[in-house]
Amino acid sequence: MRTEDVLAAIATGLWRWDNASGTVTLDGEAARLLGLPAEPVTLPEVSVRSRFHPVDWNEINGIVNLAVAEGTLAEARLRIMDVDGRVMRTVRSRSKPVANVSADGRTDYELIGTIQEIAEPQPGTTAVHTPITGDWRRSREAFLLDAGRALAEARSTAEVLRVAASLSMPGFSPDGLAVFGMAGDRLSIIGHHGHDAGDETPFADMRMDTDYPAAEVVRTGRAIYLPTPEDYKRRFPATWPLAQRFGRTSWAFLPLIVAGRTMGAWMAAFKHPVSFSPDERSVLTTVARMLAQALQRAGVAESERELTTGLQRSMMPQLGPEIPGMTIAARYVPTGGGLQVGGDWYDMIPLPSGRFALVIGDVQGHDVRAAGLMGQLRIAVRAYASEGHRPDAVLSRASRFLAGITDSYEEGDHLSPRFATCLYVECDPETGLLEIARAGHPDPAVRMTDGTVLMRPTAGGLPLGIVADTDYPTTRFTLEPGETMMLCTDGLIETGGHDLDTGWARLRAILESDTHTAAHEGESLEKLADLLVSAVHGPSSHHTTGPLADRREDDIAVVLLCREGPGCGCGTPLTHTPRPVRRTMLTVAQAEPHRIAGARQQIRELLHDWSDEDQLDSAVLMVSEMVTNVLMHTDGDALLMAEAIGELGERRLRIEVADSSDEPPHKRHPGEMASSGRGVLLMEMLADTWGVDPRGEGKSIWFELNEQAKPDSLPGL
């Protein structure tokens, strides 16, 4: 005997409900139990759902969700309805939910199980809900599980109210909802659902002593249930006319209590009669408690967001008035610790001399204390700069200030001292002269007019606050027309698992790739700032991950300064301009011989597209020899200046190294084993021309190279 025959003999049918395709497959017995012809059939979901009582259909959704969560069978009693709305029979369904993951990643369920007829209720009786029908207890647990999860995930008051409006309670779904709050001695409406705009006006500013259910609930902290309109009219005759016009039949008003304090009331109104049985009251009470906690969490979160947003706006200043010939853009992105403001900051400060200063810094840490120290330090730097102090003096005073306040923190609160990195740039908008003092901060980068990006090595000292009395040397160079300088904190460099080297390489690629877009399409500096932040902290950042673990725990601050000129994309672009001069400048101090390696790297970056590699190696060798000779044979610093002039393939390179000594170099003939004395010989052999120019104080040694051949492919064309 077949299995189907055995099941049919005991009035049990088989069904398969595919939620993904929206179809239901029934065998003959299952079709008969649903009031259809007794033959196998596959029907749309809507055709089968119309056979169930609406209340039971609402309950089975919760039962299935609970079975999925618990990994058990979904069991329920379902009333089968005829076309006249009468109950034909009651069946018991036992099904196993099977999860299916679609190609787009969405999870749908397929129910596979049985349907069996049971004795209650008798055919022909009116469908009346009982606590047994639909397995009330399991349905209630499934509903509360879903409601609790949804309310816990709501992040704002508006989201909490949307979740509350979508709740379909097992066996009785409200037609109208309202959440009341308190504003002094007045009742206010936080939100409502199921009402038209303006319906809340009579209740929006009601006195707390008004004879209204929500007001009494807030005053007493006890729930009020009104199963019929007569109950409402009898208990609250004064406000009954206000409620009568909505056409509701039953009402429940429950207190919203958090930590023993009533913070408001929740109204659930029904168009169909609800008796408010103990089970129904239990569900409503539990929902009210979850709703109160969700509103409390949302209120605290919104207050924190408002506080941190206001703090961020007050600490992150505007860039100030426009500066003729200059364009400035800045971004601040808090990324760590959940706090919307951290230790990074930037500032633009008008100076008494008519110049302006750009400041960017990073206080150690990502907590409230770091934000507080940042605010104090920013104000101190602005005050010192506004007094007219030079960049080195500003940072020296700021270091003394930070050391003083962190020492007081340490003594009073047993907290470890904090330090801060900082880069201070004083800019002359007329000449483009930049004077930079650096305290442990990353060096600035400059995008030249032809798109070449150079890191500008600058002299620097210890981070602020480590040693109270610290000297900060000043580096000077000129930002040429059309060039853009980038200042940033280490968050922009290292976000995405990068270290300083790989992070700089990534930023250089972004800056260079944006050159032609900015030049030819007139893109603004603001969009370049967005591009930098998006590339290291946006959806595409996973394409350029670094060798380290990406924890995204640091804030990001970036400032861009463009001196408007041909090809920069900030001012009015010119139709035709000659290829701009590519220029760099670097100082190597007597106490910093390690910076000779930085000088060699500067020359290689400056001539990254030079057509003759041998000439490039020769230039690097001569630069290294010239700078080393200054440090060895004089008492002063070496000032390196390099510029490349002309079109690609036909350029002229000129490099000068100036020092404060009047003693000219001498041509010597070193022996085979000598370790020095070949500088002049090298320039005679490798340079196209070279010479020594006396200056008022000191001299300048220079050489020139002419690019030998036009490259096969010109970058950027």
Side-chain angles (χ1 to χ4, degrees), residues 1-100 107-143 168 170-171:
M1 180 178 293
R2 297 185 309 161
T3 303
E4 291 82 352
D5 296 333
V6 174
L7 293 174
I10 58 175
T12 302
L14 297 174
W15 70 348
R16 180 186 295 268
W17 193 303
D18 189 347
N19 194 45
S21 63
T23 59
V24 182
T25 302
L26 308 170
D27 69 358
E29 184 62 17
R32 184 191 69 81
L33 291 174
L34 294 180
L36 302 171
E39 57 186 22
V41 65
T42 298
L43 299 172
E45 176 182 327
V46 64
S47 300
V48 177
R49 188 172 61 188
S50 65
R51 297 284 171 168
F52 300 142
H53 192 280
V55 172
D56 298 346
W57 172 253
N58 288 336
E59 294 175 356
I60 197 172
N61 283 330
I63 293 171
V64 171
N65 290 333
L66 183 62
V68 171
E70 295 179 348
T72 58
L73 294 178
E75 301 185 40
R77 295 185 180 184
L78 303 169
R79 288 167 288 182
I80 308 302
M81 312 292 294
D82 61 13
V83 294
D84 297 324
R86 295 179 302 175
V87 175
M88 296 173 54
R89 61 178 61 87
T90 300
V91 298
R92 179 188 297 275
S93 167
R94 303 182 77 245
S95 304
K96 175 66 175 179
V98 178
N100 295 322
T107 302
D108 286 307
Y109 297 97
E110 185 179 16
L111 292 177
I112 303 172
T114 63
I115 299 177
Q116 184 180 29
E117 186 174 4
I118 56 178
E120 54 180 346
Q122 295 298 321
T125 60
T126 303
V128 178
H129 173 74
T130 67
I132 299 176
T133 303
D135 197 353
W136 167 266
R137 187 172 299 278
R138 290 178 60 83
S139 178
R140 181 185 65 180
E141 292 172 353
F143 162 75
S168 180

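Remember, predicted model here, so these are calculated numbers, not experimental data.
To the nearest 0.5 Å, atoms CZ (Arg94) and CD1 (Ile112) are separated by 14.5 Å. The CE atom of Met88 sits 9.0 Å away from the CD atom of Glu117 when rounded to the nearest 0.5 Å. One distance of note links CZ of Arg92 with CD of Gln116; it measures 8.0 Å at 0.5 Å rounding. Atom OG1 of Thr114 is separated from atom CH2 of Trp15 by 9.0 Å, given to the nearest 0.5 angstrom.
Considering only residues two or more places apart in sequence or on other chains, Trp17 meets the side-chain hydrogen bond (donor to acceptor under 3.5 Å, both in side chains) condition with none of them. Checked against side-chain hydrogen bond (donor to acceptor under 3.5 Å, both in side chains), Ser93 has the following partners two or more places apart in sequence or in another chain: Ser95.
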Val87 and Ile80: CA distance, side-chain angles, deciding distance, side chain to side chain contact (heavy atoms under 4.5 Å, CB included) verdict: CA-CA 6 Å; Val87 175; Ile80 308 302; over 6 Å; no
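The nearest pair of heavy atoms linking Ala31 to Pro37 is CB-O, 3.3 Å.
Two residues are said to be in side-chain contact when any heavy atoms from C-beta on lie closer than 4.5 Å; Val91 and Ile118 fail this criterion.
Annotation for Arg16: atom CZ does not count as buried by contact number, only 12 or fewer foreign heavy atoms lying within 6.0 Å.
The main-chain N or O of Leu33 is found under 3.5 Å from a side-chain atom of Arg89 such that the two form a donor-acceptor pair.
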What donor-acceptor contacts under 3.5 angstrom involve side-chain atoms of residues 38-52, with partners at least two apart or in another chain?
from: Thr42; atom 1: OG1; to: Thr25; atom 2: OG1; distance (Å): 3.4
from: Ser50; atom 1: OG; to: Ser47; atom 2: O; distance (Å): 2.8

